[in-house]
2 protein chains.
Amino acid sequence: MRLTTRGRYAVTAMLDLALHSEQGPVCVNAIARRQDISAAYLERLFRALRDRGLVCSTRGARGGYELCRCAGEISVADIMAAVDEPLDATRCASARNRLTCELWSGLTQHVRDYLENVTLAQLCRGDSPPGTAAGVSKS
Amino acid sequence: MRLTTRGRYAVTAMLDLALHSEQGPVCVNAIARRQDISAAYLERLFRALRDRGLVCSTRGARGGYELCRCAGEISVADIMAAVDEPLDATRCASARNRLTCELWSGLTQHVRDYLENVTLAQLCRGDSPPGTAAGVSKS
DNA sequence: GCAAACCCGACTATTCAAGTCGGGATTTTA
DNA sequence: TAAAATCCCGACTTGAATAGTCGGGTTTGC
């Protein structure tokens, strides 16, 4: 498990896209400028997002990217999976580590539960994700 | 946030220690053999664990390491902190990313909550950590 | 005195992260 | 019809960090 700029930037870019989606396709350069992220790097992330079906692309002048699904149907976990940001903490090289293996599996599930429970739409609204002081935990 | 061998090996080693603690100080080589981990690398991890007060060392022949506190008082989070395995997912370079900042802050808290809630004693008993299928979530 | 075992700072090779490059293809606009 | 805007793509580079090593010192028990 690790959290690198791939995951962060992907979520940031998708959020930017969601916030500007009513204006038609958003080009990579605009997002890069708004978020102060390398456009070339961002482009590679968008490639992955497109391949995973989270965004659609429009080529040519006035081209760019748009969400393929509505923001309420895209979770942070989806985005992370798209850019291959590993959430899996489990690495059971041998059976001797069953006890710790269960620990890491549990952690993995815990993280997934959290990220699967946060959608782009919630991020747009500024809804506090569950587990923060402002967001009261629900069942 | 990332999970590397430092964290994994430290938890594995502490667990091994806890399971063998009634036999007096456990030497690094014994743990290294049982867990198939480089002894030299393990030694560096134990240095950090000792400095953080999680284990005590005994030099000389028949020396080794022992837990400084009982297993029920040492959480996985303590171990991770000792070997400097970063759990913090937050990286708010600028205020423009408040929305995602809260996301990562929430994730960090979520992970901390989980790891702080698992002690070495529970791992020893094979108690499923909370959140896994076998462990029913409690309040 | 030797072996076992901790102690410590410094070092190395490999992997991966973060980003770049160079050019092709498509679409719109003037 | 050419230029500009923008996606498309495989390959590449540099620096940081990981995983582990090294070499020798010190302590303790036998």
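Letters go in sequence order (proteins before strands), and every chain restarts at 1.
Inspection of the B/Y41 and B/T5 side chains reveals an N or O donor paired with an N or O acceptor under 3.5 Å.
Contact annotation: A/Y9 reaches the phosphate of C/dG19 (side-chain N/O to OP1 or OP2, under 4.0 Å). Side-chain nitrogen and oxygen atoms of A/T58 include none within less than 4.0 Å of the OP1 or OP2 phosphate oxygen of C/dT27.
Note: CG (A/L17) to P (D/dT6) measures 14 Å, nearest angstrom. The CG-P distance, from A/D84 to C/dC16, rounds to 12 Å in whole Å. One atom, CZ of B/R33, and another, P of C/dA4, lie 11 Å apart when rounded to the nearest Å. Remark: C1' of C/dA3 and CG of B/N29 are 13 Å apart, rounded to the nearest angstrom. Going from atom CD1 of A/I31 over to atom P of D/dT6 covers 12 Å, rounded to whole Å. When the C1' atom of D/dG15 is taken as reference, atom OH of A/Y41 falls 14 Å away, rounded to whole Å. In this structure, the CG atom of B/L49 is 14 Å from the C1' atom of C/dC6, given to the nearest Å. Separating the CG atom of B/L42 from the C1' atom of D/dC22 is a distance of 17 Å, rounded to the nearest angstrom.
When distances are taken from the side chain of B/Y65 to each of D/dC8, C/dA3, C/dC6, the shortest belongs to C/dC6. Distances from the side chain of A/S38 to the nucleotides C/dC7, D/dT18, C/dT20 place C/dT20 closest. Nearest to the side-chain atoms of B/R44 among the listed nucleotides C/dT29, D/dT18, C/dA10 stands C/dA10. Considering only the side chain of B/R62, D/dC30 comes nearest among D/dC30, C/dA18, C/dC6.
A donor-acceptor pair under 3.5 Å is formed between the side chain of A/R6 and the backbone N or O of A/D84. Here the side chain of B/H110 pairs no donor or acceptor atom with the backbone of B/G106 at under 3.5 angstrom.
On a pure distance criterion of 3.5 Å, no polar donor-acceptor pair joins the side chain of B/E43 and the base of C/dC6. Scanning atom types as modelled, one donor and one acceptor separated by under 3.5 angstrom connect the side chain of B/R59 and the base of D/dT26.
The 5' end of DNA chain C is approached more closely, in terms of each residue's nearest nucleotide, by A/A40 than by the other of A/A61 and A/A40. Residues B/D51 and B/G63 each lie close to DNA chain C; by heavy-atom proximity, the contact nearer the 5' end of the strand is made by B/G63.
Under the 4.0 Å criterion applied to side-chain N and carboxylate O atoms, B/R52 and B/D78 are not assigned as salt-bridge partners.
Looking at heavy-atom distances under 4.0 Å, A/R47 makes contact with a base.
Note: B/I31 CD1 to B/D36 CG = 14.0 Å, rounded to the nearest 0.5 Å.
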